[in-house]
Student: 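I have a structure here, written as structure tokens, and I will follow up with some questions on it.
Heavy-atom basis, side chains included; hydrogens, waters and symmetry copies ignored. The residues of the chain are indexed from 1 along the displayed sequence.
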Amino acid sequence: MPSPIAFSSPLPKPFDSAQAALGMERWRQQAAAAEPETRAWAEAFADLETGRALIGAVCGNSPYLGHSLTRELPFVARTVQDGFDDTFAALIAALHAGHGEEKSMDRLMAGLRVAKRRAALLIALADIAGAWPLFRVTGALSELAETGVQLAANFLLRRAGEAGTLTLPDPQRPWVGSGLIVLGMGKLGGRELNYSSDIDLIVLYDDAVVQTPQPDNLARTFIRLARDLVRIMDERTKDGYVFRTDLRLRPDPGATPLAVSVSAAEIYYGSVGQNWERAAMIKARPIAGDLEAGASFVRFLEPFVWRRNLDFAAIQDIHSIKRQINAHKGHREVTVNGHDIKVGRGGIREIEFFAQTQQLIFGGRDPRVRIAPTLMANEALRDVGRVPPQTVEELAGAYHFLRRVEHRIQMIDDQQTHRIPADDAGVAHLATFLGYNDPAAFRAELLATLGQVEDRYAELFEEAPSLSGPGNLVFTGTDPDPGTMETLKGMGFADPARVISVVSAWHRGRYRATRSGRARELLTELTPALLSALAKTPAPDSALMNFDDFLGKLPAGVGLFSLFVANPWLLELVAEIMGIAPQMAQTLSRNPSLLDAVLSPDFFDPLPGKEDGLADDHARVMAVARDFEDALTLSRRWTNDQRFRAGVHILRGITDGDRCGAFLADLADIVVPDLARRVEEEFAQRHGHIPGGAWVVVAMGKLGSRQLTITSDIDLIVIYDVAPGQGGGPRLSDGAKPLSPNEYYIKLTQRLTNAITAPMGDGRLYEVDMRLRPSGNAGPLATSLDAFLKYQATDAWTWEHMALTRARVIGGDAELAGRVSAAIRSVLTAPRDADRLLWDVADMRRRIEKEFGTTNVWNVKYARGGLIDIEFIAQYLQLRHGHERPDILHIGTAKALGCAARTGALAPEVAEDLETTLRLWRRVQGFLRLTTAGVLDPNQMSPSLLAGLVRAAFPDDFQGEREPGTVDFPELDHRIRAVAARAHGHFKTLVEEPAGRLAPPATTPPA
């Protein structure tokens, strides 16, 4: 007759009676197949009321335990007969005896897994029967894990010694003097493992202790050892697994190997160790390997963990580990179904952090509170007068209750979960397993307990400001906080896990800007506001990565982060730039000091003109250039700074893409001629000058018409002229390396384009396009004036004359500049065949439509009724009427339309409509060039992008009470399409339809 185990509390009833009956059937089947002694015991036990109750309680509530129970009849018999304590002690002793000197990894892995299965069953039975209190249950789980890690570590050390990669001082006791340190962390360190817990380890090796004949392979040896240690514990085989094993609590796990040297760890914790790591290290405990070396390392950590000074700035950072916007009394929204009793509100983590935050505050001066187990820590804090006795009593009761609930959740299917079932049936199952007759009673007790914990936890933060604006924003620890994942997803981030990884890396001090503790504390305060600002941008994830790139290039962080704290609007501006102005983001990343300029009183004043101090400012900057390379750097820095200022003005609606075009052209008008002069001086040092020679730089395209955008390249051509030498022959340059005029100016032009386009630390100055020169890419880079005149008179196509309507000389010899300007004007005012001109313009537009045509009206350059249609109208009218009405000529498209109206070439109402539309397209294009790849994808629209686009497109509509946010995208899109259709109608009336009535000419322009 078996000796039944005593039950300290009533056993739970089976939730699933069918499973309970099936379990009893399996029990009897296994008994029938067992050895006679076991069979007799098992059949007798099943006939007892207590036996039936235990089998039903296990099999009817936990498929996992039910399977283990019927599989391990001999072990169950021993447990019932010898008692839980003696059986568990014997199991641990058998592990040491059977595998203490193990030579086979396979045998060790199998032995540990069988022992884990049996121990898990024993511990569960002791827990369900009420025979063991909580500390004994968690202590037994921790002892089992510690034993497994010790046996695995000893096996791996012995194997390394036998392989000759380590020299072990005592091969019979391989851990002695080995230098291997395995720290148990978290619940393992505090001997508080839960039923289906993973184990957190840190694997170190003391490079001052380890002896090895292969010092160059030292790191590889211990990395391999750590990997095999995880395999022994974690790998699933036919026998199951021992414990899921996590090494991510080691220093900066994303950037360090699985095993870290003690010297590297000491540097890390001494310089960039985080405050949450201080909290984690409270429970650090050497559990395997060289325990003496481990103890020495833990002693080293004491000044890092236990600061004597009450550093409340650091404690704010600790508080942020679990601070929530609603984590205070009166705003409780906890529900039972689906609630996470570990990290959810009122859960186990809050009880743990309640103790740890107080320990970190007071433990530096009072060693009495330096205790790892959570409840013992709270008791110690009570004993020294830091926590009220009632609070300690309430938290202890809640902790016991929640840990019991946690264990039952995990026992059902051996799942590493802490979440209450999401459905009512699951909650009823859990309540039954916990011994409740009515699920409502369980719900009531759980809610009361969670609320009590939440109240006590919130008292810690009554004086602290929330750091979690829209919800949980926790970036500490190793596992992504579930609440933070939800918060980030709700904010609009597509990949919350990546966001958590990026922000966590900031706090690990991987960047120079975040290596100081003060920088990381400031960043903790800034992070919620930063993420909220980034979330308002069209693509929050991309905006975050741009900010990460920006942060990675900062030389230091405290100054800038303090600037953000003092000027929150500046942080909003930076987030806006990172999110919707990618080119500006790159500029800011290269030169963060630009933000200092933003704080200057005149930064938001109207942008100056060339004659209003802009040229003088450039001259002051360039005056300090020590050499040519220095001049290239300074010119880039000055121009990019000015472009950055213009971009901020566009973003903030101070100016727009239309009004800003002239300012951006002024920048190029100043910097390109200055560089041309410096290039010529540098070039002349080797090649001299051409006697009687001169050259000019001619701006074409958007630069020529003074309509640049932030991202525009610049269209240039170079024209030169040389007075004939004696006898009319060509002259050579007078330098050490003489060149002919043609060769001289071609190479000089190459030097100029290289000076402008060469990538340097501050980027390129501009991209340069020289395809508008005579003969395009087939022609020489520099053209003589005679060749230019001849080409324009005899060989140029109509589209090349159209391009000349926007040509203007911006630098070079003044006398030659006058002659070139006159030559261009003579080309534009020459008589021409009106029909051929009309057909050519229409044909050119057809060709562009065929290659670049689009139905996206937001592609304002190529869409019908867009920029090209309007520019072609202006250019066509200038070429058609330039001979009779030369006053029609103007480099600017808008002004040319006005001239056409004044000279009678275009109806005034049409000119006004086209000019208004042109300015609309420039404003839209200027904003989109700043905020997108240049063309809007309507599917990527965000509230902030829409508001900026509405303000850019129709600024006059929002001078009164109406806000841009009151316009939705369909309304805006409808308005834009109507404007485009009207402009396209003008093009058809003036060009397409008349050209359609003409016969094609004998020759057509090249494609």
Side-chain angles (χ1 to χ4, degrees), residues 64-65 68 109 112-113 115-117 119-121 123-124 127 134 137-153 182-204 226-237 239-251 253-254 258-259 276-277 279-288 321 340-344 347-349 352-353 372-374 402-403 405-419 474 476-482 485 497 500 504:
Y64 166 71
L65 288 177
S68 296
M109 291 175 68
L112 289 175
R113 281 154 179 75
K116 164 64 186 300
R117 183 175 69 242
L121 177 60
I123 294 167
D127 193 1
L134 176 64
V137 171
T138 59
L141 289 164
S142 302
E143 184 179 356
L144 177 67
E146 189 171 336
T147 300
V149 173
Q150 287 174 354
L151 291 172
V182 182
L183 297 181
M185 303 293 292
K187 287 185 168 61
L188 175 58
R191 297 184 174 88
E192 301 168 313
L193 283 186
N194 58 52
Y195 187 75
S196 189
S197 181
D198 60 0
I199 56 174
D200 292 297
L201 304 177
I202 294 179
V203 179
L204 306 165
R227 187 185 304 114
D228 288 340
L229 176 63
V230 171
R231 179 188 169 202
I232 290 172
M233 299 297 293
D234 195 292
E235 185 177 279
R236 288 184 178 272
T237 70
D239 296 305
Y241 67 100
V242 191
F243 283 91
R244 305 174 191 91
T245 305
D246 194 334
L247 301 183
R248 290 176 298 163
L249 283 177
R250 69 186 184 274
L258 296 179
W276 73 265
E277 290 175 301
M281 283 298 174
I282 291 174
K283 296 189 178 185
R285 178 170 63 91
I287 64 167
I321 293 172
D340 192 314
I341 61 168
K342 177 183 178 181
V343 300
I348 297 166
R349 182 66 58 82
E352 294 171 337
F353 284 154
T374 300
L402 293 173
R403 290 301 302 268
V405 173
E406 176 185 49
H407 286 173
R408 293 302 181 277
I409 293 172
Q410 295 175 343
M411 285 177 185
I412 292 174
D413 284 311
D414 189 30
Q415 294 295 311
Q416 188 186 5
T417 180
H418 312 273
R419 195 173 290 278
V474 177
T476 54
T478 55
D479 293 314
D481 174 64
M485 294 281 284
I500 292 174
S504 297

Student: Grab the two heavy atoms, one from Y241 and one from D414, that are nearest each other, plus how far apart they are.
Tutor: OH-OD2, 3.1 Å
Student: Find the distance between CG (D340) and OG1 (T417) and round it off to the nearest 0.5 Å.
Tutor: 6.5 Å
Student: What are the two closest non-hydrogen atoms of A372 and G190, and how far apart are they?
Tutor: CB-CA, 4.2 Å
Student: To the nearest 0.5 Å, tell me how far N194 CG sits from E406 CD.
Tutor: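 So the CG of N194 and the CD of E406 are separated by 4.0 Å.
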Student: List in chain and number order the residues that pass side-chain contact (heavy atoms from CB on, under 4.5 Å) with V230, two or more places apart in sequence or in another chain; answer none if no residue qualifies.
Tutor: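 So V230 forms a side-chain contact (heavy atoms from CB on, under 4.5 Å) with D234, T245, L247.
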Student: Which atoms form the tightest heavy-atom contact between L188 and L193, and what is the distance?
Tutor: N-CD2, 3.6 Å
Student: Less than 4.5 Å apart, side chain to side chain, heavy atoms only: is that true for I123 and L141?
Tutor: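 In short, these two side chains touch, coming nearer than 4.5 Å.
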Student: Quick one: are R403 and I348 in side-chain contact, heavy atoms under 4.5 Å?
Tutor: yes
Student: With side chains defined as the heavy atoms from C-beta onward, is the minimum distance between H418 and R349 less than 4.5 Å?
Tutor: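 A side-chain contact under 4.5 Å is absent here.
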Student: Take Q415 and I409 through the test side chain to side chain contact (heavy atoms under 4.5 Å, CB included) and record every step on the way to the result.
Tutor: CA-CA 8 Å; Q415 294 295 311; I409 293 172; over 6 Å; no
Student: If you look at every heavy atom in L144 and K116, which pair is closest and at what distance?
Tutor: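 It is CD2-CD, 3.6 Å.
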Student: Name all pairs fulfilling the salt bridge (Lys or Arg N to Asp or Glu O under 4.0 Å) condition that reach into residues 190-204, sequence neighbours left out, sorted by first residue then second.
Tutor: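 For residues 190-204, and leaving out neighbouring residues, the salt bridge (Lys or Arg N to Asp or Glu O under 4.0 Å) pairs sorted by first residue read E192-K283.
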Student: Between the main-chain N or O of S196 and the side-chain N or O of R244, is there a donor-acceptor pair closer than 3.5 Å?
Tutor: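 Yes, because the side chain of R244 sits within donor-acceptor range (under 3.5 Å) of the backbone of S196.
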Student: Determine whether M109 and V242 make a side-chain contact, defined as any pair of heavy atoms from C-beta on separated by less than 4.5 Å.
Tutor: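 No, too far: nothing below the 4.5 Å cut-off.
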Student: Is there a donor-acceptor pair closer than 3.5 Å between any side-chain N or O of T374 and the backbone N or O of E352?
Tutor: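 Checked: no pair found.
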Student: Under 4.5 Å between any side-chain heavy atoms of L201 and I287, yes or no?
Tutor: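 They are in contact (side-chain heavy atoms under 4.5 Å apart), so the answer is yes.
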Student: Would you call M185 and M281 a side-chain contact if the rule is heavy atoms closer than 4.5 Å?
Tutor: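 Yes, side chains in contact.
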Student: Less than 4.5 Å apart, side chain to side chain, heavy atoms only: is that true for E235 and R113?
Tutor: yes
Student: So S197 and Q410, do their side chains get closer than 4.5 Å, heavy atoms only?
Tutor: no
Student: Minimum heavy-atom separation for Y195 to A120, with atom names?
Tutor: OH-O, 2.8 Å
Student: Atom CE in M233, atom CG in L151: separation rounded to 0.5 Å?
Tutor: 9.0 Å
Student: Spell out, as yes or no, whether a donor-acceptor pair under 3.5 Å connects the side chain of D246 to the backbone of R248.
Tutor: yes
Student: Heavy atoms only: give me the nearest L402-I341 pair and the separation to one decimal.
Tutor: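 Nearest pair, atom of L402 first, then I341: O-CD1, 3.5 Å.
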Student: Distance from S68 atom OG to M411 atom CE, nearest 0.5 Å?
Tutor: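 These two atoms lie 11.5 Å from each other.
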